[in-house]
There are 2 protein chains.
Amino acid sequence: MNIYDVSKKAGVSIATVSRVLNGNHNVSEKTRSKVISAMKELDYTPNIFARGLGLNTMKTIGIMCTDSSDTYLANAVYYVEQKLRSFGYDALLCCTGNDYINKKKYMSLLLSKRVDGIILIGSQFVNNSPGSDNSYIVDASSEIPIILVNGYLAGDNIYCVMCNDHDAVYNAASDMIKAGHRDFVYLYTSTSFSGMNKLRGFKDAMDEAGIHIDKDRFHLCTKSISKSNDYLSFIYEKNVPFDAILTSDDSLAVGAVKFAYKHGIKVPDELEIVGYNNSVLANCTEPELSSIDSKVEQLSSNAVDLLMEVLGGGSVSNINTVTADLIKRQTTKF
Amino acid sequence: MNIYDVSKKAGVSIATVSRVLNGNHNVSEKTRSKVISAMKELDYTPNIFARGLGLNTMKTIGIMCTDSSDTYLANAVYYVEQKLRSFGYDALLCCTGNDYINKKKYMSLLLSKRVDGIILIGSQFVNNSPGSDNSYIVDASSEIPIILVNGYLAGDNIYCVMCNDHDAVYNAASDMIKAGHRDFVYLYTSTSFSGMNKLRGFKDAMDEAGIHIDKDRFHLCTKSISKSNDYLSFIYEKNVPFDAILTSDDSLAVGAVKFAYKHGIKVPDELEIVGYNNSVLANCTEPELSSIDSKVEQLSSNAVDLLMEVLGGGSVSNINTVTADLIKRQTTKF
DNA sequence: TTGTATGCGTTATCAT
DNA sequence: ATGATAACGCATACAA
């Protein structure tokens, strides 16, 4: 069942059928309807492979994320897919995990599938420590546009959509200082661009208030409720005093709530806690978590808008920033 | 950069290049290496569209789910993608939402993209009430194999992978009865096949113990922490006594924990709670949730195995069942 | 407005 | 073991 069958049935040439198929206006109403009814009768479906071969595109975008089962990433993937679809694009999903080798492998896989662009979701794809090798991204960008959601890498055909993580943490910390706190702990899960920005936001707020932070007080920690709980218990038993906790992820903040519960510490009266990402987890604890909303939906939406603009030949700024909000619930009282 | 360029450079015919490309054995070692180095020199990448056109397949599987940001579905999507990839298949992701119209639309979209098979993740795709219209699935199955994860629909080219939800709830409820409970509440979110099986499991356990359950005691509820909390508060204030809660989803169980906290009810001493899906949420509450593990990973893995078997021409049973486990944490003491 | 002819880059069949 | 050539099904430049 192909364009030839339809043309024969309708008594026209294949060119005309193709025109009808593509909504070309140079077709008389009469022949158009003839063709359409022929297509219906034959239950014709265009062969997308043949079209792809000619046009050299399948209107497909590659999505890479380290782990689509992660709450935050899952949301981003969802929003990106929805938005892509609204532009008529398909989403080819790749969960790469965190190995450099695999990231690289999946990148070239997507390239070999001739996707029209690639969206890298999450801050885990680029390594921003000096001298690091991000060539797999730069190389790919020479062929198709690359969008980084929550990552930063300079490059001609590389576009970054990110949240102002630094300011978000800085503002939350500053508010807590204003509320009278001096004894902070900051827990974070990643040294990615985004992760370091959050940490810097924390440190900047401390510096500005003249609060010294020794290294017990900021801790790189696996993204896990129990690891966070464990670490806090550890320094608590070492008699490090603290009455304010900021985290780079809600799971760590949940761990903090559980730590407080275990030790009979009253939240928020004796200890205030702020999470990050404003995920479902924030609604699960008692008291419920105050959390920084990093605006996944807007981030995702902007990422797709940007990509579409680029694919349409528009010229776009390489950096797009979204502003985070602190959602106050019950683990804070400022 | 195509097969002709390579053939010219290597001084052979395109047929030979194609043979090398596909690992055909009828090529001498000498010419093979000539061709390979030509490919390397030209940095040749095969055009997948052309191959797709000839072979009429792109080794791609469509994944449909109502909402990939849902914790449970996100996990399933993740495992399915990983497993598909291990077989060399790509995953085209479609988040359909819950409208019949959209499900139908996305189904034909995937068909028009000529995917090799479709995996429907979640119980929301087939309506099992008598006289319901599931023709969009049946129709699709006449073209390509359809796999239902957690759904049931009879059909020639339709394969169902599911969890024995009935027994899981039945067993948990029976254990609670044995532990001395008589006053149960069951909260559920869906009347899908899976949802009804869970409900029946609950009712069967009650029937068997001669416990009468009036309609206050099983309640269809939006999948939301607060709705669950609200409903429990409502019947509590109506003086419906209960000391055991079973739910079809962890979020509802979290709501139950919050309800208990609000009313000063001790869990598990005065109230035992069991969730479903054993998701991250189960680790967030205090006390932590006992929850039925519905084995998403195994379900997902089996789904892909089944599909691969079918695509390979094997003959497979249309139904594949996985056994759930109750993971006991702190909201139960039996 | 419509038709003809060609190219897109493979794989596969048939010779040799 | 290798080569020539025909599909595969569409889009489109050019002709009419």
To the nearest angstrom, the NZ-C1' distance between B:K34 and D:dA1 comes to 11 Å

Should A:T16 be listed as having a side-chain N or O under 4.0 Å from OP1 or OP2 of C:dT2? no

Between the side chains of B:N127 and B:Y100, is a donor N or O closer than 3.5 angstrom to an acceptor N or O? no

N or O in side chain of A:N22 less than 4.0 angstrom from D:dA11 OP1/OP2: yes

Nearest whole Å is fine: how far is C:dT1 C1' from A:K30 NZ? 12 Å

Using a cut-off of 4.0 Å on non-hydrogen atoms, how would the nucleic acid contact of A:N47 be classed: base, sugar-phosphate, or nothing? sugar-phosphate

A:Y136/A:F125 aromatic ring centres below 6.0 Å: no

Among the nucleotides D:dT5, D:dC10, C:dT4, whichever has the atom closest to the side chain of B:I14 is D:dT5

Looking at A:T31 and A:V27, would you say the former's side chain and the latter's main chain have a donor-acceptor pair under 3.5 Å? no

The residue, B:G54 or B:R19, whose nearest nucleotide of DNA chain D is more 5′ is B:R19

For B:V12, report the nucleic acid contact type (base, sugar-phosphate, nothing); a contact means any heavy atom under 4.0 Å. sugar-phosphate

Length of the line joining B:L55:CG and D:dG9:C1', which is rounded to integer Å: 14 Å

Rounded off to whole Å, could you give me the CE-to-P distance for the A:M1 and D:dC8 pair? 13 Å

Which part of the nucleic acid, if any, lies within contact of B:S7, taking any heavy atom under 4.0 Å across all strands shown: a base, the sugar-phosphate backbone alone, or nothing? nothing

Once you round to the nearest 0.5 Å, how far does CG of B:L93 lie from OH of B:Y106? 10.0 Å

May I ask you to verify if any side-chain N or O of B:S13 is less than 4.0 angstrom from the OP1 or OP2 atom of D:dT2? no

Per nearest nucleotide of DNA chain D, the residue lying toward the 5' end, B:R114 or B:E29, is B:E29

Here the distance between atom C1' of D:dC10 and atom NZ of B:K113, to the nearest Å, is 15 Å

Taking atom types as modelled, find out whether B:S194 and B:N150 have a side-chain donor-acceptor pair closer than 3.5 angstrom. no

Students often get this wrong, so: under 4.0 angstrom with heavy atoms, is B:N26 touching a base, only sugar-phosphate, or nothing? base

Rounded distance (Å) that lies between atom C1' of D:dA11 and atom CD1 of A:I48: 14 Å

Does a side-chain N or O of B:S18 approach OP1 or OP2 of C:dA12 to a distance below 4.0 Å, or not? no

d(CG, A:L53; C1', D:dC8) in whole Å: 9 Å

Counting any heavy atom closer than 4.0 Å, what does A:F49 reach on the DNA or RNA strands: base, sugar-phosphate only, or nothing? nothing

Polar contact flag, side-chain donor to acceptor under 3.5 angstrom, B:T96-B:K103: no

Using the side-chain heavy atoms of B:A50, tell me which of these nucleotides is nearest: D:dG3, D:dA11, C:dG9. C:dG9

Check the distance between C:dT10's P and A:R51's CZ and give it to me in whole angstrom. 21 Å

C:dT2 OP1/OP2 closer than 4.0 Å to side-chain N/O of A:T31: yes

Should A:Y44 be listed as having a side-chain N or O under 4.0 Å from OP1 or OP2 of D:dC10? yes

Of all the choices, C:dT11, C:dG9, D:dT2, which nucleotide is nearest to the side chain of B:S28 once you look at every atom? D:dT2

